[in-house]
Every structure is written in structure tokens, then in C-alpha cells.
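Quick notes on the structure that follows.
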Amino acid sequence: MRYTIASVAALVFSLGAVSNAPAADLPTKAPYGVADTVFSWSGIYVGLHAGYSWGSNRWTSGGVLEDPTIAVSPISPTTNSALGGVQAGANYQAGNWVVGFEWDFAALGHKGSAAGTLTTVGVILPTTATSKIDWLTQFTGRAGFALDRTLLYVKGGVAAGEAKDGFSLVSPIPLFLDFGTKSNLLTGWIGGAGVEHFFGPNWSGKIEYDYVDLGNTTETFSSAIAGGTITVRQTIEHKLQIVKVGANYKF
């Protein structure tokens, strides 16, 4: 009886070892995991922006054409305005470097005026110069360095806008003389820098600074007085600075 129980126990142990051996040799499946996704700035985007612009347009007198005895003082109207607009562009990322281009359009009431003088035969007459930019558009290239979802960038390119410049004086008669307003489509250059950050899969926000130089124009302003005409020539600078915030949607 003793040997029978021992024999049965040995048989059971042998069968258990045989049944467990294949299970121990089976490969264990790795748990399923979610692959990390690498964010990319590459793609097309559209967006909106708002901001503030300021500048100082310097008027330099080129003389009074009909009478060299008349002198006009330099004038520098200080201009400023809120602005708002749209933008669209595309980026391409290689490593941490991002390059692209952007088109931007903004409506603004960038306007200011300054007082000066017109001097003739010892008489000093007050004058007023007014400068205004109604809209501004830009086409720029962008280049930057991406820290994952944050992009530090610089930009530069071509800018264009519509400028309106007016000149007037008040004579001691008293008489208000309006020399008229000149409207011009101006082109120049823009340079800027900014930072943009993605807050979600498609939406980003940015803050940007731009310096815009629309160049100089030389204008002649004329007004009739006492049976004659006074014609003043002015060279006008058109420069402004802009700080803006914006939001983009990347497709």
C-alpha cells in the first residue's frame, strides 16, 4: 500500500511537470501601447489678428515754388491707431527649423496731425499737416526655430498701403486755406519677429512686432490767396510700428 501511494504521487508530479513545460515556453505578448506622435508645424493655416500701430511721419519742406522768400517749417505728425485683419500662410518644418510664407491684410485708422509754420515777409502763419494710412497689406517670408509646439520666428518682405496726406494754414485775415489732400498707394518693406504657440491640435496663438517703412513721397500742395497761388512742396516719410496678437487654424 505504501509503495502504491508513492507511485501515484510520482505519476501525478510527472504529469504536472509535463503540462506546465509548454506554457512556460510560450512567448509573452507585450501590452498594447499608444505611439508617441511628433508635432509638426508643416501645413497651411488661416487666422485673424488685432493690434496697435504708431509712428511719426516727418514732413520736410522742399520750398515754395512761386516765392523763395516763403519758408515752411518741418513737421512730424505723430500717428497711431488700433487695427484688425486676417492672415494666411504655409509652413514647412525640417528638424527644429521652420520656414514659410505669409500674407496679411489689416484695416486701420492710422492717423495724426502736427502744427508747423509758414513764414513770409516777416509774418508767421500756423500750418497743419495730417497723415493717414487706411489699410496695410504684407507678403513676407518667415523662418524660425521650433521648441515642439512653440515657434520663435523672424519675418521680412514687402508691404503696401494707402496713404492720405493733407496740408492747410490759417492766415490772419482770418482765412482758412486748405491745400488739399494727396492719396497714394505706397510700397515698401517690413521686418518683424514673434512667438507662436499651439494650444491644441489645430489652434495656435501668436504675438508679433513689425516695423514698416513705406518710403518717401514728394507732394505739391496748392491754394489760391489774394488773386495768386501758393504752392508748397513737401517730402513725407511713411513709417510705422505695429504690435499685434493673433490666432491661426492649421489644416
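Side-chain atoms are counted along with the backbone in the values below, which use heavy atoms only and exclude waters and symmetry mates.
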task = Without swapping roles, check the side chain of Ser42 against the backbone of Gln93 for a donor-acceptor pair under 3.5 Å.
result = yes
task = List the steps, then state whether side-chain contact (heavy atoms from CB on, under 4.5 Å) holds for Gln234 with Val232.
result = CA-CA 6 Å; Gln234 296 280 330; Val232 179; 3.4 Å; yes
ask   = Distance only, no hydrogens: is a donor on one side chain within 3.5 Å (strictly under) of an acceptor on the other, for Tyr153 and Glu196?
value = no
message = Side chains of Thr218 and Thr235: any donor to acceptor distance under 3.5 Å?
response = yes
Asn91 CG to Glu102 CD distance, which is reported to the nearest 0.5 Å = 8.5 Å
query = For Gly180, does its backbone N or O pair with a side-chain atom of Asp178 as donor and acceptor, under 3.5 Å?
reply = yes
ask   = Within a reach of under 6.0 Å around CD1 of Ile44, are more than 12 heavy atoms found that belong to other residues, nucleotides or ligands?
value = no
request  = Please test Trp135 against Thr137 for side-chain contact (heavy atoms from CB on, under 4.5 Å), starting from the C-alpha separation and ending with a verdict.
outcome  = CA-CA 7 Å; Trp135 57 265; Thr137 188; 3.8 Å; yes
key: Residue pair Pro74 / Arg58, side-chain heavy-atom distance below 4.5 Å   = yes
task = Determine the interplanar angle of the Trp54 and Tyr52 rings, folded into 0 to 90°, and report it as parallel if under 30°, tilted if 30 to 60°, perpendicular if over 60°.
result = parallel
request  = Just do the side-chain contact (heavy atoms from CB on, under 4.5 Å) check on Tyr45 and Ser204 with the steps written out, would you?
outcome  = CA-CA 10 Å; Tyr45 63 88; Ser204 68; over 6 Å; no
query = Does a salt bridge link Glu219 with Lys164, judged by any charged N lying under 4.0 Å from a carboxylate O?
reply = no
note = Looking only at heavy atoms, the pair that brings Ile75 and Ala115 closest together is CG2-O, 4.1 Å
request  = State the CG-CG distance between Leu151 and Asn96, to the nearest 0.5 angstrom.
outcome  = 10.5 Å
ask   = So, are Lys244 and Asp104 salt-bridged, with charged N and O less than 4.0 Å apart?
value = yes
remark   = Closest non-hydrogen atoms of Ser56 and Thr79, given as atom of the first, atom of the second and distance, are N-OG1, 4.3 Å
key: His110 (side chain) donor-acceptor with Asp134 (main chain) under 3.5 angstrom   = no
key: Rounded distance (nearest 0.5 Å) linking atom CD1 of Ile124 with atom OG1 of Thr119   = 4.5 Å
request  = Flag yes if Phe139 and Leu48 sit in one hydrophobic cluster, no otherwise; membership is Ile, Leu, Val, Met, Phe, Trp, Tyr, and two members link when side-chain heavy atoms are under 4.5 Å apart.
outcome  = yes
ask   = So do Trp59 and Ser76 actually touch side chain to side chain, heavy atoms under 4.5 Å?
value = no
task = Take Asp210 and Gln138 through the test side-chain contact (heavy atoms from CB on, under 4.5 Å) and record every step on the way to the result.
result = CA-CA 10 Å; Asp210 295 330; Gln138 312 166 13; 3.8 Å; yes
Side-chain donor-acceptor pair present, Gln87, Asn248, cut-off under 3.5 Å = yes
inquiry  = Are there over 12 heavy-atom neighbours, none belonging to Lys206, within less than 6.0 Å of that residue's NZ?
reply    = yes
note = Rounded to the nearest 0.5 Å, the OG atom of Ser53 sits from the CD1 atom of Ile133 at a distance of 7.5 Å
inquiry  = Minimum heavy-atom separation for Thr181 and Gly166, please, with both atom names.
reply    = OG1-CA, 3.9 Å
With Trp41, the ring-ring contact (aromatic ring centres under 6.0 Å, His included) member among Tyr92, Trp97, Phe198 = Phe198
request  = Would you tell me whether Trp103 and Thr140 have side-chain atoms, one donor and one acceptor, within less than 3.5 Å of each other?
outcome  = no
ask   = Going hydrophobic residue to hydrophobic residue with side-chain gaps under 4.5 angstrom, can you get from Phe105 over to Leu185?
value = yes
Pairwise distance CD1(Ile190) to CD1(Ile242) - rounded to 0.5 angstrom = 6.0 Å
note = Value for CG (Asn216) from CG (Asp213), rounded to nearest 0.5 Å, stands at 7.0 Å
message = Which residues pass the salt bridge (charged side-chain N to carboxylate O under 4.0 Å, His left out) test with Asp165, not counting sequence neighbours?
response = none
task = Using modelled atom types only, decide if a donor and an acceptor are shared between the side chain of Lys182 and the backbone of Thr220 within a distance under 3.5 Å.
result = yes
request  = State which residues pass ring pair (Phe, Tyr, Trp, His ring centres under 6.0 Å) with Phe179; sequence neighbours excluded, sorted by chain then number.
outcome  = Phe167
ask   = Got a donor-acceptor contact below 3.5 angstrom from the Arg142 side chain to the Gly156 backbone?
value = no
ask   = Does a salt bridge link Lys132 with Glu162, judged by any charged N lying under 4.0 Å from a carboxylate O?
value = no
inquiry  = A side-chain contact here means heavy atoms from C-beta on lying under 4.5 Å apart; do Val195 and Ile207 qualify?
reply    = yes
remark   = Residues pairing under ring pair (Phe, Tyr, Trp, His ring centres under 6.0 Å) where one sits in residues 228-251, two or more places apart or in two chains, turn out to be Trp203-Tyr249, Tyr249-Phe251
inquiry  = Side chains of Ser113 and Thr130 only: does a donor on one sit below 3.5 Å from an acceptor on the other?
reply    = no
